[in-house]
**Q** 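Submitted below is the structure of interest, expressed as structure tokens.
Residue numbers start from 1 in every chain, and the chains themselves are labelled A, B, ... in the order their sequence lines are given, proteins ahead of strands.
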There are 2 protein chains.
Amino acid sequence: MKISFRGDYALKAILDLALHYNKGLVRIQEIAERQDIPIKYLEQILLALKGAGYLNSQRGAKGGYYLAKDPKKIKLGEIIRLMEGPISPITCVSKSCYKRCTEETKCVFRPLWNKIRSLTEGVVDKVSFADMCRDYEAKNKKKLDMYYI
Amino acid sequence: MKISFRGDYALKAILDLALHYNKGLVRIQEIAERQDIPIKYLEQILLALKGAGYLNSQRGAKGGYYLAKDPKKIKLGEIIRLMEGPISPITCVSKSCYKRCTEETKCVFRPLWNKIRSLTEGVVDKVSFADMCRDYEAKNKKKLDMYYI
DNA sequence: TAATTCTCTACTTAGTTGATAGAGTTAATA
DNA sequence: TATTAACTCTATCAACTAAGTAGAGAATTA
């Protein structure tokens, strides 16, 4: 698996909205500024995430985006797959590829790619955005402690 | 980590040469045919592998390539890094990237990328081409058994 | 010398990535 | 109702990379 900017931006956008879960609408521009993402690019990404059911939005003045699901119920792996495609070091491990390894019994590397895929999935499909929010806040608290202690 | 055709071809080429280790020279064309790789593309890959010290070659009639190291001592990870670059889901986990996550303490995803990288390395840096040869031959033996039993 | 085989450099083509541009649509509110 | 704020949609673009092709050159053998 490889994370591109697009995927990275998507994860950051969802995290940003998860941190504002049940706290009203968030404008694209706010997310773009906080997460340092080009706004016009972010627009496209948010639309894709909305299309996939992760976000809802409201147009017009006072409009904005908000998370459509509980952050506890969104795993990182879902977003990564949506933005980057199947999680696998080589395409032919995923069912959608018929190109390589047509004689699959011949490919002696395949078990390794499967192993790596399943280890990777073991990470990204276990962690939710609620977990990420917790980590984020813990990290922030720690920082504040440094000032107050 | 993602394996491109280039990396896939390199792994197959090394495996092919490992199967002929200490059995004389192997012509590019043989490898290309056995592994189903475009020959002119394979040429470039073999040159890169030679440049990195994995192969030696002899020119002219009766020439060919041969493995410069014991297959036991070549780990898959070495070849993958050589052909694909650093093993990490996101570039900024590797030391050569200064672009993203400049405020690294702020990036709450980073520990996950590190985790995935180390799990992946745990696979590819443990397995050698001698292991792959063993698997390959075991697989072939099994196939033959099907005919003889 | 002729045939064989690796070596080197350049080129090409198609696709992807990471944007940017701008017109359109909806909603709130003065 | 007019204006403004905000999301929506489509098109376009430049740079890069991957994958492959082409062809001349150099070394070795017979």
**Q** Using only heavy-atom distances, decide whether a donor-acceptor pair under 3.5 angstrom links the side-chain of Lys40(A) to the base of dG18(C).
**A**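 No, no donor-acceptor pair under 3.5 Å.
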**Q** Judged by each residue's nearest nucleotide on DNA chain D, which is more toward the 5′ side, Glu84(B) or Gly64(A)?
**A**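 Comparing both residues, the 5'-ward one is Gly64(A).
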**Q** Can Lys2(B) and Glu84(A) be counted as an ion pair, charged N to O under 4.0 angstrom?
**A**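 No.
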**Q** Kindly assign one of parallel, tilted or perpendicular to the pair Phe5(A) and Tyr9(A), based on the angle between their ring planes and the thresholds 30° and 60°.
**A**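 Phe5(A) vs Tyr9(A) ring planes: perpendicular.
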**Q** What integer distance in Å separates Lys50(A):NZ from dT26(C):C1'?
**A**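 Interatomic distance, NZ of Lys50(A) to C1' of dT26(C): 11 Å.
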**Q** For Glu30(A) and dA5(D), give me the distance from atom CD to atom C1', rounded to whole Å.
**A**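 Those two atoms, CD and C1', are 13 Å apart.
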**Q** Can a side chain N or O of Tyr9(A) be found less than 4.0 Å away from OP1 or OP2 on dA19(C)?
**A**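 It does, given that an N or O in the side chain of Tyr9(A) lies less than 4.0 Å from OP1 or OP2 of dA19(C).
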**Q** dT26(C) P sits how many Å from Asn56(A) CG, rounded?
**A**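 My rounded result for the distance is 17 Å.
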**Q** Counting only side-chain nitrogens and oxygens, does Ser57(A) get under 4.0 Å of the OP1 or OP2 atom of dT8(D)?
**A**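 Yes, because at least one side-chain N or O of Ser57(A) sits under 4.0 Å from OP1 or OP2 of dT8(D).
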**Q** Quick one: Phe5(A) CZ to dA19(C) C1', roughly how many Å, whole number?
**A**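 These atoms are roughly 11 Å apart.
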**Q** Nearest-Å distance, CG (Leu47(A)) to P (dA6(D))?
**A**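 Leu47(A) atom CG is separated from dA6(D) atom P by 16 Å.
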**Q** If we only count heavy atoms from C-beta on, is the Phe109(A) to Leu76(B) side-chain gap below 4.5 Å?
**A**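 Counting from C-beta outward, Phe109(A) and Leu76(B) do come under 4.5 Å.
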**Q** I want to check one thing: is the phosphate of dA6(D), taken as OP1 and OP2, less than 4.0 Å away from some side-chain N or O of Arg27(A)?
**A**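 Yes, because at least one side-chain N or O of Arg27(A) sits under 4.0 Å from OP1 or OP2 of dA6(D).
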**Q** Report which part of the nucleic acid Leu46(A) touches: base, sugar-phosphate, or nothing (heavy-atom distance under 4.0 Å, all strands).
**A**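 No contact.
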**Q** Does anything in residues 57-71 of chain A form a side chain to side chain donor-acceptor pair (under 3.5 Å)? List the pairs, not counting sequence neighbours.
**A**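 Checked against side chain to side chain donor-acceptor pair (under 3.5 Å) - neighbours excluded - the pairs reaching residues 57-71 of chain A are Lys50(A)-Ser57(A).
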**Q** Report yes if a side-chain nitrogen or oxygen of Tyr41(A) is closer than 4.0 Å to either non-bridging phosphate oxygen (OP1 or OP2) of dT17(C); otherwise report no.
**A**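 Checking dT17(C) against Tyr41(A), no side-chain N or O comes under 4.0 Å of OP1 or OP2.
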**Q** Establish, with yes or no, whether the OP1 or OP2 oxygen of dC7(D) is under 4.0 angstrom from a side-chain nitrogen or oxygen of Tyr66(A).
**A**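 It does not, given that no N or O in the side chain of Tyr66(A) lies less than 4.0 Å from OP1 or OP2 of dC7(D).
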**Q** Do Leu11(B) and Met83(B) come within less than 4.5 Å of each other through their side chains, counting heavy atoms only?
**A**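 No; the side chains remain at least 4.5 Å from each other.
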**Q** Nearest whole Å is fine: how far is dC7(D) P from Ile39(A) CD1?
**A**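 Rounded to whole Å, this separation is 7 Å.
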**Q** Between Arg34(A) and Asp16(A), is the closest basic N to carboxylate O distance under 4.0 Å?
**A**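 Yes.
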**Q** Can you work out whether Pro38(A) or Gly60(A) has the more 5'-proximal nearest nucleotide on DNA chain C?
**A**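 Its nearest nucleotide being more 5', the pick is Pro38(A).
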**Q** Using OP1 and OP2 only, check whether a side-chain N or O of Ser4(B) sits under 4.0 Å from dA19(D).
**A**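 Answer yes for this pair, as a side-chain N or O of Ser4(B) is under 4.0 Å from OP1 or OP2.
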**Q** Report yes if a donor N or O on one partner sits less than 3.5 Å from an acceptor N or O on the other, where the partners are the side chain of Gln44(A) and the base of dT20(C); otherwise report no.
**A**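 Between dT20(C) and Gln44(A), which were checked side chain against base, a qualifying N/O pair under 3.5 Å is present.
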**Q** In whole angstrom, give the distance that lies between atom CD of Glu43(B) and atom P of dT9(C).
**A**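 Between P of dT9(C) and CD of Glu43(B): 14 Å.
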**Q** Under 4.0 Å from OP1 or OP2 of dA28(C): is there any side-chain N or O of Gln58(A) that close?
**A**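 Indeed, a polar side-chain atom of Gln58(A) lies that close.
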**Q** Between Arg59(B) and dA26(D), does any side-chain N or O lie under 4.0 Å from OP1 or OP2?
**A**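 For dA26(D), OP1/OP2 do not have a side-chain N/O of Arg59(B) under 4.0 Å.
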**Q** Which whole-number value in Å describes the distance from Lys62(A) NZ to dA28(C) P?
**A**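 To the nearest whole Å, that distance equals 11 Å.
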**Q** May I ask you to say what Lys2(A) touches in the nucleic acid, namely base, sugar-phosphate or nothing, with a heavy-atom cut-off under 4.0 Å?
**A**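 No contact.
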